[in-house]
Amino acid sequence: MKIIKTISSKELHNAVDQLSEQLVKKHKKSRNLVIIGIANGGVALSKLIAQKVSSLINREIPSGIINAVFHRDDLGSNPIPKDFFRTQLPVEIDDTEIILIDDVIFTGRTVRATIDEIFDQGRPKSIDFVVLLDRGHRCLPIQPNYTGFTIDTTLDQVVKANINLENPLEDNLTIYQK
Amino acid sequence: MTDNFTWNRKDFLSIEDLSKDELETIFAYADQFKQTLDRTQKKLPTLRGKTILNLFMEPSTRTKVAFEIAAKRLSADVITITGDASSLSKGESLRDTAKNIAALNADVIITRNSHAGSAYYLSKIVDIPVINAGDGAHEHPTQALLDCFTLRDHFGDLKGLNVTILGDILFSRVARSNIWALQKLGASVTLAGPATLVPKKFEEFGVKVHHDVETALKNSDAVMLLRIQHERQSSIHFPSLGEYTKMFGLNKKRAALLKPEAIILHPGPVNRGVEIDSQLADSEKSVILKQATHGIVCRMAVLFLCATAAANNLMNKISANE
C-alpha cells in the first residue's frame, strides 16, 4: 500500500499531551474517573493517555479495555480478529465518569456499539469520547469530545495508528492508499 | 494485517466434518460469549428478530435448556417442540414437519432425533440452518464442543493431553463426537469399558482401546464418563449394573491412578453409584457443572456462526441476482 501521509512520533505525542491536558482540565476534580480503550485500536492509546493523565493529576486513574464486538452491526460480514483484546473493566461502571478512547473515528458505528456495550455493564454518569484522528465519513450523528487531528480521507484509504508503549520514538499515524 | 476467524457453514451437523481451525473459531466466539455470563444484563442483540425452533424428538434436559438459554441470550425468539407434542406423533413425516417449520419463517432448526443422519437429512431439504443436537448413536457435536472447551479452559491447550473415555462407547454419540474433536485438537484418546461396549474395532479411529480400567486410567489428564445407554440397547451387554460398577465404575481408588491435576467430565445425566462414586461426582476434580455452563456459550457460538453464515449467503445470492 502506498503511504499518503505520515504523522511523526513527535507530532503524535504532542497531540496526546494536549489531549491529556484538556482531559485533566475538565476532570481534575472527578472522583470516579475511569479511562477505557476501545479494542483493538484504542487500547495502546488509552494506556498512554491513562499514564499521562495519572501523572498530571497526581493519582492513579483506573484504566481498562472494552470490546463491543457483539454489538457491532457488521459482525457477520466482518468477523472478529484472531488477536482481539477482551473486555477488562477495572471498576463497576455505575456512576463513573468514563473517558472513552479510540485511535481513529470513521463511520461512528464502533462508538455506537461501544456505548451500547457500556450500558449493558452499568449506568455511567457521563462518557467523554477522545480520538487521535477524525478521518471523516460519519454515518451516524456521533462526534468526539476531544480530537487530536482532523484529516479528510477518501474511502479507499486506510489509516493505521502505531503506538508502542515500549518504543515511543517509532510511534506514528499513517494514511495509506489501498 | 490481522487474520480474522472465518466461518462459512450454514449447518452444524457433526464434528467429523470440521477442521481444527473451525473448532478454534467456535471456541474464540464461545470465549467472547463467556464474558457475558456474569453480567446483570446477559442478553446480546446479535440474533434479534430471528426465530429458532428446538425440535426435540428424544428426551433431553441439559441440551434442550442450554440451547434455549443460548438462543435467548442472543435475543432470538425460541419455540421448543418435543416428540409427544408434535405432529410427528400424529403420523406426519420428519420431512413435512421440517418443511412446515421453514414455511413458518423459522430461521434456525435445532434437531434431536433417535435416527442417525436425521440432521444431515433435514439440512438437505430446508434452506435454513440445521443444528444437530444429537442424532441416534451417530454424533452429539455440541456436547463434544463443550467438553473440549472445558478441557481447554482447565489446561489451556489440548495438545498432548491423554483423555480416557470410560463407559458405554458402542451406543454413545457423545463418544463418537469426542473421539473426532479430541484428536483434531491434538489429544490422545483411550477408550475403556467392557469388551461388549468397547469393541477393539474402535482402534480404526486412531484411539487406544483398553478393557482393563486401571490400565486405561493410569496417567490420564482427564476422564470422561459415559452412562449406560439403556434406551439404545436391545440386548444385554454385561451381567448387571452392580457388576459394571465393580469392574468399571470410577471410585476413589481408581481416580487416584489419574494424574494429580486430572479432571473428571460427565455429559450427564449422571447415574450416581453406577458409573461414578457419588462423592467423586461432587469432588474438586469434577467439572460436571462447569460443562453445563460451557454448554451455553458453545451453543451461543454455534447458533451465532450458523445464523450469520446463512444470512451472509442469502445476501450474496441477492447481490448476485441484482
Side-chain angles (χ1 to χ4, degrees), chain A residues 1 36 38-44 64-96 103-104 109-110 112-124 157-163 174 176-178, chain B residues 1-10 20-50 70 73-76 107-108 129 153 297 300-301 303-319:
Chain A
M1 288 192 292
I36 297 175
I38 300 178
N40 284 348
V43 174
I65 296 170
I66 193 144
N67 183 334
V69 68
F70 290 111
H71 282 276
R72 265 170 38 189
D73 54 14
D74 62 346
L75 187 55
S77 54
N78 194 8
I80 60 173
K82 282 194 172 174
D83 54 350
F84 51 79
F85 289 94
R86 294 181 180 196
T87 295
Q88 291 170 20
L89 298 175
V91 291
E92 292 291 324
I93 289 297
D94 286 344
D95 289 326
T96 52
D103 54 352
V104 179
R109 291 177 190 277
T110 302
R112 195 279 305 160
T114 306
I115 292 171
D116 282 350
E117 174 72 10
I118 288 172
F119 276 82
D120 272 2
Q121 309 265 354
R123 185 182 182 277
Q157 290 173 344
V158 176
V159 179
K160 195 157 172 42
N162 295 303
I163 296 172
T174 307
Y176 300 91
Q177 189 70 42
K178 271 193 219 168
Chain B
M1 265 312 199
T2 309
D3 284 342
N4 286 336
F5 288 104
T6 52
W7 181 269
N8 299 312
R9 291 177 187 274
K10 143 182 118 60
K20 183 177 183 248
D21 276 354
E22 286 173 310
L23 288 168
E24 294 291 355
T25 297
I26 296 169
F27 294 150
Y29 278 80
D31 270 334
Q32 291 278 322
F33 288 126
K34 194 179 171 191
Q35 282 204 336
T36 64
L37 289 180
D38 298 329
R39 292 184 188 179
T40 319
Q41 159 60 283
K42 294 185 174 68
K43 264 185 193 282
L44 294 168
T46 44
L47 294 186
R48 192 167 52 202
K50 305 277 184 203
R73 293 272 166 87
L74 295 171
S75 301
D107 295 287
V108 178
D153 182 62
V297 292
M300 285 170 85
L303 287 172
F304 170 76
L305 288 166
C306 291
T308 308
N312 286 344
N313 291 345
L314 184 65
M315 289 306 288
N316 292 340
K317 270 186 200 168
I318 291 167
S319 330

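So you know, we letter chains A, B, ... as the sequences are listed, proteins then strands, and number each from 1. Computed from a predicted structure; not experimentally measured.
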| message | Given heavy-atom pairs under 4.5 angstrom as the criterion, report whether the side chain, backbone, both or neither of B:Q35 touches chain A. | response | side chain
| query | Can you check whether A:I36 reaches A:I93 side chain to side chain, under 4.5 Å on heavy atoms? | reply | yes
| query | Which residues pass the side-chain hydrogen bond (donor to acceptor under 3.5 Å, both in side chains) test with B:R48, sequence neighbours left out? | reply | none
| query | Quick one: does B:R73's side chain get under 4.5 Å of B:T36's, heavy atoms only? | reply | no
| field | Parallel, tilted or perpendicular: rings of B:F33 and A:F70 (30°, 60°) | value | parallel
| message | Counting only non-hydrogen atoms closer than 4.5 Å, does B:K42 touch chain A with its backbone (N, CA, C, O), its side chain (CB onward), both, or neither? | response | neither
| field | Side chain / backbone / both / neither for A:D116 at chain B, heavy atoms under 4.5 Å | value | neither
| message | Out of B:L44, B:L305, B:L74, return the one with the most heavy atom pairs under 4.5 angstrom to chain A. | response | B:L44
